[in-house]
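Written out below as structure tokens is the structure these notes cover.
We count residues from 1, following the sequence as given.
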Amino acid sequence: MSIAEHQINVGSLEWFYREVAPIGMSDLLPVVLLHGLPSHSYGWRHVMPALGSQGTRAIAPDLIGFGSSAKPQARDFKYTPDAFVQALTEFIQALEIDRFCLVVQGFLGSVGLQYALRHSDRVENIAILNTPLTTAAKLPWQMQQWGLPFAGDMATQDPLLVDRTLEGGSRYQISDADLDVFRKPFLKSSKAGRSLMTTVRNLKMSPSMTEIADGFQDWKKPLLIVWGVNDPWLPVEIAQKFASNLPQAEIVKLEKAGHYPQEHFAEDILQDLLPFVRRAS
């Protein structure tokens, strides 16, 4: 099944997103998939076709500053969690999506969880893949360096940071053809690196993790946590602690997967993700 590519202007921001339309008529809710650092929507290429095949519309945007979406200067877009949540809110409204299932992964995926807490009437269930969830989650030093003065300016202009991060985090090689797609934004313009640097500087991990850890204590809707146990940055204990007081949360451990489990273990993820999103209608 092919993945369509779209662009849409929402206010002053141009969004790029990938979409798979469902096969046949379906009353299943759409699924919105959000990427982490330093990735973009191409990271969901192994997951989206299977969703469409079961009758689920799948939408994966490049968050602002990433992939092929707009990369405004910091004076025009703050690159804070609040700015990402507000932009995502307007994007979802522009696509006229009233209720949906949310899938998040990675350090930037946490803004999707903040969106869910602030717009719980729209999000019916959430699947979480290796995403920071508690105050014990820290941005790894490798990513912290992207926000440093001077050093960050240089590091984020090196397209090979994509290779090192995606392969280092996943613990497996990624094909050159796929890495070419992930590198492309950094090769086209220096804006991609500047957006990444500014995002890291403004990620506000501590207050964001407090909002997520505290906010989900009152969350009553289904949660699926799929965790690559071989993650060098986020140990599975973070997921276990997060879910300990949430009886509706189920944890699936992928023993061989790392930080980006969707890169190499999509089939394992889909075994649980496909029936999980079917629950919401």
Side-chain angles (χ1 to χ4, degrees), residues 5-18 32-43 59-95 104-119 131-132 137-162 165 181-212:
E5 299 180 353
H6 302 290
Q7 290 180 309
I8 183 173
N9 290 312
V10 183
S12 62
L13 299 173
E14 183 178 69
W15 286 78
F16 174 92
Y17 65 99
R18 291 178 164 88
V32 175
L33 305 102
L34 301 181
H35 63 82
L37 294 174
S39 188
H40 51 74
S41 61
Y42 186 69
I59 304 108
D62 290 352
L63 292 169
I64 297 302
F66 293 84
S68 297
S69 286
K71 299 170 184 65
Q73 295 186 32
R75 67 169 181 264
D76 301 315
F77 184 80
K78 299 302 182 183
Y79 292 94
T80 60
D82 286 345
F84 282 114
V85 170
Q86 181 58 36
L88 181 62
T89 300
E90 295 171 1
F91 171 76
I92 290 171
Q93 289 174 342
L95 292 187
V104 300
Q105 187 276 322
F107 284 91
L108 194 55
S110 60
V111 302
L113 299 178
Q114 292 172 279
Y115 170 91
L117 291 172
R118 301 178 194 185
H119 301 275
T131 301
K138 308 298 181 184
L139 195 68
W141 173 240
Q142 178 177 349
M143 295 184 182
Q144 289 183 39
Q145 293 179 80
W146 302 341
L148 295 176
F150 305 114
D153 292 83
M154 292 186 291
T156 54
Q157 293 302 319
D158 179 6
L160 293 181
L161 76 83
V162 176
T165 307
V181 180
F182 285 119
R183 291 187 208 111
K184 187 176 180 180
F186 294 88
L187 294 169
K188 288 180 63 177
S189 168
S190 62
K191 291 181 179 179
R194 289 200 299 269
S195 295
L196 176 60
M197 178 181 64
T198 308
T199 298
V200 170
R201 289 178 177 175
N202 296 331
L203 200 53
K204 300 184 179 180
M205 281 287 291
S206 181
S208 295
M209 292 304 101
T210 299
E211 178 183 357
I212 289 169

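For Gln93, there are no side-chain hydrogen bond (donor to acceptor under 3.5 Å, both in side chains) partners, not counting sequence neighbours. Here Thr89 pairs with His119 under the side-chain hydrogen bond (donor to acceptor under 3.5 Å, both in side chains) rule; sequence neighbours left out. Legend: residues meeting side-chain hydrogen bond (donor to acceptor under 3.5 Å, both in side chains) with Ser68, ordered by chain and number and at least two apart, are absent. Under the side-chain hydrogen bond (donor to acceptor under 3.5 Å, both in side chains) criterion, Gln145 pairs with no residue at all, not counting sequence neighbours.
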side-chain contact (heavy atoms from CB on, under 4.5 Å) between Arg194 and Gln157, intermediate numbers included: CA-CA 8 Å; Arg194 289 200 299 269; Gln157 293 302 319; 4.0 Å; yes
Stepwise side-chain contact (heavy atoms from CB on, under 4.5 Å) test for Gln86 and Ile64: CA-CA 11 Å; Gln86 181 58 36; Ile64 297 302; over 6 Å; no
Residues Met197, Leu148; criterion side-chain contact (heavy atoms from CB on, under 4.5 Å); working and verdict: CA-CA 8 Å; Met197 178 181 64; Leu148 295 176; over 6 Å; no
Leu95 and Val32: CA distance, side-chain angles, deciding distance, side-chain contact (heavy atoms from CB on, under 4.5 Å) verdict: CA-CA 11 Å; Leu95 292 187; Val32 175; over 6 Å; no
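Under the salt bridge (charged side-chain N to carboxylate O under 4.0 Å, His left out) criterion, no residue pair touches residues 67-80, with sequence neighbours excluded.
The side-chain heavy atoms of Tyr79 and Ser195, taken from C-beta on, include a pair separated by under 4.5 Å. Annotation: side chain of Ile212 is not in contact with side chain of Thr131 (no heavy-atom distance under 4.5 Å). A heavy-atom distance below 4.5 Å is found between the side chains of Trp146 and Thr165. The side-chain heavy atoms of Arg118 and Asp82, taken from C-beta on, include a pair separated by under 4.5 Å. Counting heavy atoms from C-beta on, the side chains of Leu37 and Phe66 come closer than 4.5 Å. No side-chain heavy atom of Phe91 sits under 4.5 Å from any side-chain heavy atom of Leu13.
Atom NZ in Lys138 sits 10.0 Å away from atom CE in Met209 (nearest 0.5 Å). Rounding to the nearest 0.5 angstrom, the gap separating the CG atom in Asp158 from the CZ atom in Arg183 is 10.0 Å.
With His40 as the fixed residue, the ring pair (Phe, Tyr, Trp, His ring centres under 6.0 Å) test singles out one of Phe182, Phe186, Trp15: Phe182.
With Tyr42 contributing its side chain and Asp62 its backbone, the two residues share no donor-acceptor pair below 3.5 Å. Proximity of a side-chain donor or acceptor of Glu5 to a complementary backbone N or O of Phe16 within less than 3.5 Å is not detected. No donor-acceptor pair under 3.5 Å is formed between the side chain of Ser69 and the backbone N or O of Gly65. Under the 3.5 Å distance criterion, the side-chain polar atoms of Arg18 are left unmatched by any main-chain donor or acceptor of Ala60. His35 places no side-chain N or O within 3.5 Å of a backbone atom of Gly106 that could act as its donor or acceptor partner.
Using cut-offs of 30° and 60° for the angle between ring planes, the Tyr17 and His6 rings count as tilted.
Taking every heavy atom of both residues into account, Gly147 and Val200 meet most closely at N-CG1, 3.8 Å. Looking at every heavy atom in both residues, Leu161 comes nearest to Ala155 through CD2-O, 3.0 Å.
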What pairs of donor and acceptor atoms, side-chain ones from residues 107-117 against any protein atom, are under 3.5 angstrom apart with sequence neighbours left out?
from, atom 1, to, atom 2, distance (Å)
Ser110, OG, Phe107, O, 2.8
Gln114, NE2, Ser208, OG, 3.4
Gln114, NE2, Glu211, OE1, 2.9

